[in-house]
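Written out below as structure tokens is the structure these notes cover.
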Amino acid sequence: MSKKTDDAAPPGQSRFEQELSTDLKDTTPDRPRGMLLHTRILLGLGVGVAAGLIANAVWGTGHPAVEWVVANLTEPVGTLFLRGLLMIVIPLVGSSLILGVAGIGDIRRLGRVGLRSFAYCFVLSAISVVIGLTLANTIRPGHRIRPETAERLKERYGSDASRRVEALEREKQGPRESPLMQVVKTIVPANPFQTAASDPPQMLQLMFFALIVGIALTLISEATASPLLRVLETVYAVSAKVVDLLMQFAPYAVACLLFNNTARFGLDLIAALSWFVVTVLLGLALHMFGVYSLSVYFLSRLSPLDFFRRVKTVMLTAFSTSSSNATLPTALRVSEENLGVPREINSFVLTVGATANQNGTALYEGVTVLFLAQLAQVSLSLPQQLMVVYLAILGGIGTAGVPSGSIPFIIAVLATVHVNPGLIAIVLGVDRILDMCRTTLNVVGDLTAATYVARAEGYELLKPPLTTRRALSED
């Protein structure tokens, strides 16, 4: 950053204020030399889609040459990027959440932040499911697909669906426990290290452990807590730097991830399920640009256009990885550097939101259950649809933030409303494509929650974080 004297600054503006204003003209934290990161990711996305569609049009679905390229080149590259982000989630989330809770300090204030976060998640999840079911009842996509098309899709994806249904049945064969006992075991870890090492990691249990450690740090003396806090600050800084390095690789990985989907499936599959796809995408769009815009404008008091412009890197990362957990490192950084949400707020809200605030997943689950019920000629009464709303909200909270994490839950709901769970085979082909879209909605929802909680706690948004202000003032 170039040095300027106070005399050269505009009247009434200090050198610090002028440099800060100049530094924040580009509000994207990922500012490499040359083309901005979000632009390179967008180009990678376009290249991947175009190359995949061309390969599918020239060679067709399942061609050996296409499968070889996917298996030996593009899939390993995309998986390397995805696993790299997932690799750093545990140290980043653990250190960030403990530091955030310790930074809040007051237990009563922490309870207020938590209550606001969960209330916001619950209300928006309920709205998303209602939007999905309203569209599904209006468009009725299950009555628009031809029976022969449904049979062809069941044959193509039936084996995968059977494996998933059988796996869920095996899980149910254990000793039955009361709902309260299931909740306790879902939230409280018996061994936090085993929780972190599981695949996928049990994020709710990890967050509970980090929350307890953070609370304990606020209840002991500063002299005793400071050594551990310094270690955690170092872990957080190192994790953030690893994310920086990984994101430089993102444009190439995005191209590979998109090529995998489009080259294998092309547009034929989407055309076969066009009414279902349109219903889901319309619901996601209404929630993204309708509900979220209203939330950002009235609750966070931000311009929706400005908000979406500042979080575009997160949206592209979520879309390409189809994983809320993998996008979490980028979301933590962007919310602090672009939106001005303080670390003690975003570390709590975003890490909780990655598991508990999955509006897109809840909407998708509701639409899918109703679509398959219509296809099976099973008429769901109003009480049954209200039960689907309730279950979809719970499913949005408990679904793992990984690709296709909602499929096991949908199978369970189908069985509950007496619809053949094997029908899930019909939507498996387009699930990954729609997963990319609903993950984007999930992650943006977490960011809207963070801005709402920060504003409700009295913070001024769209300001640089304290660390940036200190660095500029010392320059």
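No hydrogens, no waters, no symmetry mates; every other heavy atom, side chains included, goes into these values. Numbering starts at 1 and runs along the sequence shown.
Annotation for L232 and I98: closest pair CD1-CG2, 3.4 Å, computed over non-hydrogen atoms. Across all non-hydrogen atoms, the minimal contact from G132 to L363 is CA-CG, 4.0 Å. Residues S323 and L82 share a closest heavy-atom pair of CB-CD1, 4.3 Å. Summarising the geometry of T195 relative to L206, their closest heavy-atom pair is CG2-N, 3.9 Å, with the distance given to 0.1 Å. In this structure, T262 and G52 approach most closely via the heavy-atom pair OG1-CA, 3.1 Å. The nearest pair of heavy atoms linking G366 to V388 is CA-CG1, 4.2 Å.
At a threshold of 4.5 Å between non-hydrogen side-chain atoms, the residues C437 and Y364 do not count as touching. Residues I407 and I411 form a side-chain contact, since some pair of their non-hydrogen atoms from C-beta on lies under 4.5 Å apart. For the pair L257/F319, no side-chain contact is recorded, criterion being any heavy-atom separation below 4.5 Å from C-beta on. The shortest distance between side-chain heavy atoms of P76 and L80 does not fall below 4.5 Å. Counting only heavy atoms from C-beta outward, the side chains of L286 and L135 approach each other to under 4.5 Å. R438 is listed as a side-chain neighbour of D431, based on a closest heavy-atom distance under 4.5 Å. Contact check for L447 versus Y292: no side-chain heavy atoms found under the 4.5 Å cut-off.
A search for side-chain contact (heavy atoms from CB on, under 4.5 Å) contacts involving A456 returns R116, Y452, not counting sequence neighbours. For S347, the side-chain contact (heavy atoms from CB on, under 4.5 Å) partners two or more places apart in sequence, or in a different chain, are S96. For R109, the salt bridge (charged side-chain N to carboxylate O under 4.0 Å, His left out) partners two or more places apart in sequence, or in a different chain, are E457. For A55, the side-chain contact (heavy atoms from CB on, under 4.5 Å) partners are W59, V66, F259, A263, not counting sequence neighbours. Residues satisfying the ring-ring contact (aromatic ring centres under 6.0 Å, His included) criterion with F276, sequence neighbours excluded, are F371. In this view, Y120 and S295, T448 satisfy the side-chain hydrogen bond (donor to acceptor under 3.5 Å, both in side chains) rule, not counting sequence neighbours.
Taking the six-membered ring where the residue is Trp, the centroids of F81 and Y252 are separated by 6.0 Å or more.
If you run side-chain contact (heavy atoms from CB on, under 4.5 Å) between T279 and each of I139, L284, T368, T138, only I139 comes through.
For the pair N359 (side chain) and L441 (backbone), a donor-acceptor distance under 3.5 Å is absent.
Within a 6.0 Å radius of OH in Y390, other residues, nucleotides and ligands contribute 12 heavy atoms or fewer.
Checking S335 against N346 by side-chain atom types alone, a donor-acceptor pair falls below 3.5 Å.
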